[in-house]
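Written out below as structure tokens is the structure these notes cover.
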Amino acid sequence: MGREAQLVLAVVTAPPGRVLLVHRPGEWPPAILPGGRPQARESPGATAERGCLEEAGVEIRAGRQLGRLLDDGIATIYVAARPQHEVDPEEIPISVRAGWYTLDQVDLVLPDLWAPVRHHLSKTIRR
């Protein structure tokens, strides 16, 4: 499978029980996990780190892969991650179009989130 058919999404969690999402006004779903398509010779972890910095302005450290979902010919790789620096959920500039969501909010804006990722979040963060 070529890299053009791959997508890497970062599942970034931080205290106090928050998940980083990128806003998509006027689209469905209205928020998504940050990430992107891998560049040549780029690992999924490196793609997650680059994509999160580009889309949300947050430096992360990628962890383990949570899984790979193949849907409509696109392989989506989910990577667990944590911010490299302590974050205050209120400090992300509005212009970046990103925010820290509680698990209840994630349930509302991403009702079809892949079950293994939802399971990871339920074990990693508290409601």
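Just so it is clear, the values below take in all heavy atoms, side chains as well, and ignore hydrogens, waters and symmetry mates. We count residues from 1, following the sequence as given. Because the structure is a prediction, the values reported are computed rather than measured.
When all heavy atoms are compared, the tightest approach of Glu55 to Gly35 is OE1-N, 2.9 Å. Residues Tyr101 and Val109 approach most closely at CE2-CG2, 4.0 Å, considering heavy atoms. Between Ala48 and Ala10, the closest heavy-atom pair is CB-CB, 4.0 Å. Between Val22 and Pro34 the shortest heavy-atom distance is CG2-CB, 3.8 Å. Closest heavy-atom contact between Gly99 and His23: N-NE2, 3.8 Å.
The OG1 atom of Thr102 lies 6.0 Å from the CZ atom of Arg18; values are rounded to the nearest 0.5 Å. Rounded to the nearest 0.5 Å, atoms CG (Asp72) and CD1 (Ile74) are 7.0 Å apart. Here the CG-CD1 distance, from Leu9 to Ile77, works out to 9.5 Å after rounding to the nearest 0.5 Å. Remark: Leu110 CG to Leu21 CG distance equals 5.5 Å, nearest 0.5 Å. Distance check: Thr76 OG1 to Leu7 CG gives 4.5 Å after rounding to the nearest 0.5 Å. Rounding to the nearest 0.5 Å places CD1 of Ile32 at 11.0 Å from CG of Leu20.
Using a 4.0 Å cut-off between charged nitrogen and carboxylate oxygen, Arg61 and Glu49 do not count as a salt-bridge pair.
For the pair Arg50/Glu42, a side-chain contact is recorded, criterion being any heavy-atom separation below 4.5 Å from C-beta on. The shortest distance between side-chain heavy atoms of Trp100 and Val12 falls below 4.5 Å. Under the 4.5 Å side-chain criterion, counting only non-hydrogen atoms from C-beta, Val79 is not in contact with Val11. Side chains of Glu59 and Pro83 form no contact here, defined as non-hydrogen atoms less than 4.5 Å apart. Counting heavy atoms from C-beta on, the side chains of Ile60 and Cys52 come closer than 4.5 Å. Using a 4.5 Å heavy-atom threshold, the side chains of Tyr78 and Leu33 count as touching.
More than 12 heavy-atom neighbours from other residues, nucleotides or ligands sit within 6.0 angstrom of CD on Glu27. More than 12 heavy atoms of other residues, nucleotides or ligands sit less than 6.0 Å from atom CZ of Arg24.
Criterion: ILVMFWY side-chain heavy atoms under 4.5 Å apart, direct or through other members. Under it, Leu53 and Val58 are not part of a common hydrophobic cluster.
Using modelled atom types, one finds a donor on one side chain and an acceptor on the other under 3.5 Å when comparing Thr13 with Arg82.
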